[in-house]
S.K.: 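Dumping the structure here so I can ask a few things about it.
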Protein chains: 2
Amino acid sequence: MPSIQLENAANEASVSSTQFRAQLPMFPHAFTSRAHDPMPNVHVAKSSIPLDLNRLDAILSTTRKVRRGEVLYRANDQFNSIYTVRVGCFKTVVTHRDGGEQVTGFQLAGETLGLDGVFAERHNCDAIALEDSEASVIRFALLVSLCREVSSMQHHLLRLMSGEIVRESGLLLMLGTMSAEQRVAAFLLDISDRMKAQGYSPKEFNLRMTRQEMGSYLGIELETVSRMFSKLQKRGLVHVQGKEIRIVDRLGLSRM
Amino acid sequence: MPSIQLENAANEASVSSTQFRAQLPMFPHAFTSRAHDPMPNVHVAKSSIPLDLNRLDAILSTTRKVRRGEVLYRANDQFNSIYTVRVGCFKTVVTHRDGGEQVTGFQLAGETLGLDGVFAERHNCDAIALEDSEASVIRFALLVSLCREVSSMQHHLLRLMSGEIVRESGLLLMLGTMSAEQRVAAFLLDISDRMKAQGYSPKEFNLRMTRQEMGSYLGIELETVSRMFSKLQKRGLVHVQGKEIRIVDRLGLSRM
DNA sequence: CGCCTCGTTGAGCTAGTTCAACACTTGTGG
DNA sequence: CCACAAGTGTTGAACTAGCTCAACGAGGCG
C-alpha cells in the first residue's frame, strides 16, 4: 500500500539548505515515504486538490526486489520508470568507455533513483544494490500525465530533479576543492544527516559500501579512505570499526 | 521576437549521447533558438497541439543585458526565472562557506541557466557573464503553467533538467577519474562540439574564460592548465595562442 | 606611461597514489 | 565441520602528478 507524503521533500529542503557547511548538500528526495512508515497516510502539501488515489496506486503498483550486487537498471537500458528505495540501499555508477568508473551517488531507503534517464530516454548509469533491497517502480509516463493534472505533483517532480542538480553541484565542489580528509569527514556527516532523516541514529550507523566504493564516490583511492578513517579516529572525531561508524565529535568533523 | 524550436533538443540529444567518448557529455540545451537564427519560426515537436503564441511571448518578453564580469543572478537570490543565453557567454560558480569556489559550467549562446534554483526556490550558484552578454528571461511560474497545457513543452522542460543531471555526472566522472591532460583534452573537445552546434567552426575558436576559470572547472590549477596546453601543442594535437585555440588532431585528442 | 590582469615556465615540495604485505571476514564445497 | 578461496580492510614505503611559489613577459586600459 503506497503512502504519499508530498510535504516530505519540503521539510528536507529547509533542513538541507541551511545545513550547507562542510558537508555536502546531498539531499534525500523521496517520492514516497519509506517502507515501514509508522503512519501510512496521504498528505498534499500547499495545494488542497484531492489526489486521485487510484491513479497513485497504479503508479506505485510494482515493487522490485534486487539482491545484493544485482542491478536495478543498467546504463543504456530503455528508460521507463524511476524508482524509490523502500528497503536497502543502492549505488549509481557512471562508466567511461575505457573502463573508468565513478560512483555518483548512494541512495538510502526513501530516496529516488533514475531521473538521469529522462534526458535520452535511456539510463545514463548503472544502479546496483549494496544489500538485498526493494524499490518501488514508478512508471514515468504515468507520473508525467499525473503531473499535468495535479500541480503539487508537478512541483514535486520538478523539485526532485532540481534537487539532484543541486546535489551534484555539491559533489563537484567537493571533488574540485576539498582535501581527502575533508571529503571523508563531509561524507560521514552527509550519511549521518540522511540516517537521521530516515529515523535512525545519526551517531552510530553501518556503512553498506566498501572502501573502494566510497573512494570512487569521493574521488580518492580506497587506501586513502582507510587512512583518513584512521586519522579521524586518532583525532577522536569518530570511532571506526570496519563498516561500523560512531560519530564522536560532530562539530569537530564539520569544522575540518 | 522569440522563436521557438522545440525539436532542437531532440536533435542535440541523439548527437550527444552517441558521442560520449573521451569528451564529456555537456550538452547544450536551448529553450529557444539562438539570437540570430536565420529563420525564426515556430515548430512543435511530435505533438501537433497549436501553441498559444501570446503566452510564449509573455514568457520570453524580457531580455537582460549583462556586462562582462557582472552577475545574472547570485547564489541565494530568490528564484523566479530561468534564462537562455542569446548573446555572449556565462559561467556558473558554486561557493563554499569558507571561500572555496568551483566553476560548475560554462553556458554558450543558446544554452540554458538557472534550473538549480527550482529546488530551494533560491539560486544555488552565481551566474557571471564572461563577456558582454544578453539572456532571455523565462518566468518559471509561467513556464510551469504552460507545461501543464502543452505536453511537448512539459517534456522539453523535463529533458532540460535531466540533461543537466547527465551533464553533471559526466563532470563527476571527469573529476573522479581523469588526469589533468585528459581533462584539458576533453574540455577542448566539448567546447569544440558546442561551437559546432552553434554553427561556428569546431576547429578554431576563442575561449572566453581565463586559465583560472578553466582550472576551477576542471579541478586543477591554472598553471597546470597552461602546462597541459603546452604539452598538447608540443604533441601536435592543438595550436594554442592565448585564448585562441585551433584543433589540429581531433582524433588524437579524443584518444587521450 | 604605468598599473593591473593574464599567461607561461621553472624548481622544489607534498598529498595522495601505487605496490606490497598481511589480517580479518564471508561464503563455498568437500 | 573444516578448509580454502575470494573479497575486504589496514598499514608501510616508495614514488609521482600536480601544487605552490616565484619570476618574467605580454597585452589592455585609465
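In what follows, every chain begins at residue 1, and chains take the letters A, B, ... in the order their sequences are listed.
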S.K.: Which is it for Arg250(B) and Asp193(B) under the salt bridge (charged side-chain N to carboxylate O under 4.0 Å, His left out) test, yes or no, and what are the steps along the way?
M.R.: CA-CA 11 Å; Arg250(B) 191 170 208 300; Asp193(B) 288 348; 2.5 Å; yes
S.K.: Just by distance, do the side chain of Arg183(A) and the backbone of Leu218(A) share a donor-acceptor pair under 3.5 Å?
M.R.: yes
S.K.: Would you kindly compare Ser230(B) and Glu223(A) by the position of their nearest DNA chain C nucleotide and give the one closer to the 5′ end?
M.R.: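 Result: Ser230(B).
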S.K.: Tell me if the aromatic rings of Tyr83(A) and Tyr73(A) count as close, with their centers under 6.0 Å from one another.
M.R.: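 Here the rings of Tyr73(A) and Tyr83(A) have centres that are less than 6.0 Å from each other.
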S.K.: Taking CG from Leu222(A) and P from dC22(C), how many angstroms apart are they, rounded to a whole number?
M.R.: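 Atom-to-atom, Leu222(A) to dC22(C), this comes out as 19 Å.
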S.K.: Once you round it to whole Å, what is the distance between P of dA15(C) and CZ of Arg183(A)?
M.R.: 14 Å
S.K.: Strictly below 4.0 Å, N to O, side chains only: are Arg167(A) and Glu111(A) in salt-bridge contact?
M.R.: no
S.K.: Are OP1 or OP2 of dC6(C) and a side-chain N or O of Thr210(B) less than 4.0 angstrom apart?
M.R.: no
S.K.: Rounded to whole Å, please give me the gap between CE in Met228(B) and C1' in dT8(C).
M.R.: 13 Å
S.K.: Picking from Glu70(A), Glu134(A), Glu131(A), what satisfies salt bridge (Lys or Arg N to Asp or Glu O under 4.0 Å) with Lys65(A)?
M.R.: Glu134(A)
S.K.: Just how far, in rounded Å, is P of dC24(C) from CD of Gln241(A)?
M.R.: 12 Å
S.K.: Please give, in whole Å, the distance from dG12(C) P to Glu221(B) CD?
M.R.: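 So the CD-P distance, Glu221(B) to dG12(C), works out to 20 Å.
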S.K.: Just the rounded figure in Å: distance from P of dG16(C) to CD of Gln212(A).
M.R.: 19 Å
S.K.: With a 4.0 Å cutoff (strictly under), does any side-chain N or O of Arg227(B) reach OP1 or OP2 of dT8(C)?
M.R.: no
S.K.: Is Lys231(A) touching bases, backbone alone, or none of the nucleic acid, heavy atoms closer than 4.0 Å?
M.R.: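 Nothing, no heavy atom under 4.0 Å.
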S.K.: For Arg68(A) and dT25(C), what is the distance between atoms CZ and C1' respectively, to the nearest whole Å?
M.R.: 11 Å
S.K.: So that I know where these two stand, are Tyr217(A) and Phe106(A) an aromatic pair - ring centroids less than 6.0 Å apart?
M.R.: yes
S.K.: By nearest nucleotide on DNA chain D, pick out whichever of Arg211(A) and Thr224(B) is the more 5' one.
M.R.: Arg211(A)
S.K.: On DNA chain D, reading 5' to 3', which nucleotide is the first and which the last to sit with an atom under 4.0 Å from a heavy atom of chain B, could you check?
M.R.: dG18(D) to dC21(D)
S.K.: For Thr104(A) and Thr92(A), which I'm curious about, is there any donor-acceptor pair between the side chains at under 3.5 Å?
M.R.: yes
S.K.: Mind calculating the distance between CD (Glu244(B)) and P (dG7(C)) to the nearest angstrom?
M.R.: 12 Å
